[in-house]
Colleague: 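Input: one structure, supplied below.
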Amino acid sequence: MQSPDDVAAAVGRNVRALRQQRRMTIDALAAASGVSRGTVIQIETARGNPSIGTLVALAAALRVGVASLVDGDGAPRVVVRRAAEAATLWSSAAGSSAVFRIGTDPPDVVELWDWTLQPGDGFDGEAHPMGTVEVLTVRSGRLDLRVGTAAHELDAGDTVMFQAHAPHRYAGGGDEPVRFVMVVLQPGDAGLVPPTSIAEAQP
């Protein structure tokens, strides 16, 4: 069992880390939780053991469970998503597909996608919020990429990074399917959640 000092240190470390991840100031956390600014400072610096009510209020403001505040395990978090757990969130009649491999929770969202596009098939991506960046690398085949009005041909081994606040299109070029892995980075938008589906492709 953890000692009171160990609990205070864990709570302080976790509250501070979660607040910073959510880009909240101490004043913002105090206002959101109804806990005084001085108490938040005392908790973050491990100079006191908060009451259950204070822990519940802070957890609610930080959008986590109380367990996340008192967890004393300092080991890095590791999430393994097995192949069978990956979700195919889009597919076409031609046999193309977009598989969502894994992603993070807000506020800083990172998504990993695995795409296959058949020759001549394509997908039109809508404009993302300002600040969104997509990074993709072609594993096999040829990808025809359009970002806004600019067109790019990418072969196996080519990698591209682009700002995705303009409409964009991925299309299979050449005579064989194109496979590419894509990472989407959306910083600091607490309104985003991991996707459950994506829009249908346009012919």
Colleague: Applying side chain to side chain donor-acceptor pair (under 3.5 Å) as the test, list every pair that has at least one member in residues 142-155; sequence neighbours left out.
Modeller: Arg142-Asp144
Colleague: My understanding is that a hydrophobic cluster links ILVMFWY residues whose side chain heavy atoms are under 4.5 Å apart, including indirect links. Using that, what else belongs to the cluster containing Met130?
Modeller: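 Other cluster members: none.
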Colleague: Are Val181 and Leu154 co-members of a hydrophobic cluster defined by side-chain heavy atoms under 4.5 Å apart?
Modeller: no
Colleague: Going by the rule side-chain hydrogen bond (donor to acceptor under 3.5 Å, both in side chains), which residues pair with Ser51 if we only count those two or more places apart in sequence or in a different chain?
Modeller: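 So Ser51 forms a side-chain hydrogen bond (donor to acceptor under 3.5 Å, both in side chains) with Thr54.
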Colleague: Rounded to the nearest 0.5 Å, what separates atom CZ in Phe100 from atom OG1 in Thr88?
Modeller: 12.0 Å
Colleague: Under the rule for side-chain contact (heavy atoms from CB on, under 4.5 Å), what residues qualify as partners of Val79, not counting sequence neighbours?
Modeller: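 For Val79 the side-chain contact (heavy atoms from CB on, under 4.5 Å) partners, ignoring immediate neighbours, are Arg77, Ile102.
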Colleague: Taking the six-membered ring for Trp, are Phe123 and Tyr170 parallel (under 30°), tilted (30 to 60°) or perpendicular (over 60°)?
Modeller: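 Taking Tyr170 first and then Phe123, their aromatic rings lie parallel (interplane angle under 30°).
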Colleague: Could I get the full list of salt bridge (Lys or Arg N to Asp or Glu O under 4.0 Å) partners for Asp114, not counting sequence neighbours?
Modeller: Arg101, Arg179
Colleague: Among Asp158, Val183, Leu143, whose side-chain contact (heavy atoms from CB on, under 4.5 Å) with Leu136 holds?
Modeller: Leu143
Colleague: With rounding to the nearest 0.5 angstrom, report the CG to CG distance, Leu29 to Leu18.
Modeller: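 Leu29 CG to Leu18 CG: 9.5 Å, rounded to 0.5 Å.
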Colleague: Can you name the residues that form a salt bridge (Lys or Arg N to Asp or Glu O under 4.0 Å) with Arg139, not counting sequence neighbours?
Modeller: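 Scan of Arg139 (salt bridge (Lys or Arg N to Asp or Glu O under 4.0 Å), adjacent residues dropped) gives none.
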Colleague: Could you report the tightest heavy-atom contact between Val66 and Ala59, atom names first, then the distance?
Modeller: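 Distance-wise, the nearest heavy atoms are N-CB, 4.0 Å.
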Colleague: Please give me the minimum heavy-atom distance between His165 and Ala127, naming the atom from each residue.
Modeller: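 Nearest heavy atoms, His165 then Ala127: O-CB, 3.2 Å.
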Colleague: Mind listing the closest non-hydrogen atom pair of Ala8 and Ala46 along with its distance?
Modeller: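 Where Ala8 meets Ala46 most closely, the heavy atoms are O-CB, 3.7 Å.
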Colleague: Taking only residues two or more places apart in sequence, or in another chain, which ones meet Val133 in a side-chain contact (heavy atoms from CB on, under 4.5 Å)?
Modeller: Val135, Met161, Leu185
Colleague: Taking the side chain as every heavy atom from C-beta outward, state whether Leu58 and Val11 have any pair of such atoms under 4.5 Å apart.
Modeller: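 No, side chains not in contact.
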Colleague: Which pairs count as side chain to side chain donor-acceptor pair (under 3.5 Å) when at least one residue sits in residues 24-44, sequence neighbours excluded?
Modeller: Arg19-Glu44, Asp27-Arg37, Ser36-Thr39
Colleague: Kindly write out the residues that satisfy ring-ring contact (aromatic ring centres under 6.0 Å, His included) with His128, not counting sequence neighbours, or none if the list is empty.
Modeller: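 ring-ring contact (aromatic ring centres under 6.0 Å, His included) list for His128, sorted by chain: His168.
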Colleague: With a 4.5 Å cut-off on side-chain heavy-atom distances among I, L, V, M, F, W and Y, is there a chain of contacts connecting Leu112 to Val110?
Modeller: yes
Colleague: Using the test side-chain contact (heavy atoms from CB on, under 4.5 Å), find all partners of Gln20 that sit at least two apart in sequence or belong to another chain.
Modeller: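 For Gln20, the residues satisfying side-chain contact (heavy atoms from CB on, under 4.5 Å) (neighbours in sequence not counted) are Arg16.
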Colleague: Tell me, do Trp90 and Ser96 make a side-chain contact under 4.5 Å, heavy atoms counted?
Modeller: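 They are in side-chain contact.
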Colleague: Closest approach of Ala86 and Val99, non-hydrogen atoms and distance?
Modeller: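 In this case the closest contact between Ala86 and Val99 is CB-CG1, 3.6 Å.
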Colleague: Can you tell me how far the CD atom of Gln118 sits from the CD atom of Glu176, to the nearest 0.5 Å?
Modeller: 10.5 Å
Colleague: Looking at Ala10, is its backbone amide N or carbonyl O close enough to the side chain of Asn14 to form a donor-acceptor pair, meaning the two atoms are under 3.5 Å apart?
Modeller: yes
Colleague: Quick check: does any side chain N or O of Thr132 sit under 3.5 Å from a backbone N or O of Gln186, one acting as donor and the other as acceptor?
Modeller: no
Colleague: Ser68: which residues meet the side-chain contact (heavy atoms from CB on, under 4.5 Å) condition with it, sequence neighbours left out?
Modeller: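 Residues passing side-chain contact (heavy atoms from CB on, under 4.5 Å) with Ser68: Val64.
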Colleague: The criterion is side-chain hydrogen bond (donor to acceptor under 3.5 Å, both in side chains); which residues satisfy it with Thr45, sequence neighbours excluded?
Modeller: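 By the side-chain hydrogen bond (donor to acceptor under 3.5 Å, both in side chains) rule, Thr45 matches Arg47.
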Colleague: Could you report the tightest heavy-atom contact between Ala171 and Val178, atom names first, then the distance?
Modeller: O-CG1, 4.4 Å
Colleague: May I ask you to test the Pro50-Leu55 pair for a side-chain heavy-atom distance under 4.5 Å?
Modeller: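 Contact flag for Pro50/Leu55 side chains = yes.
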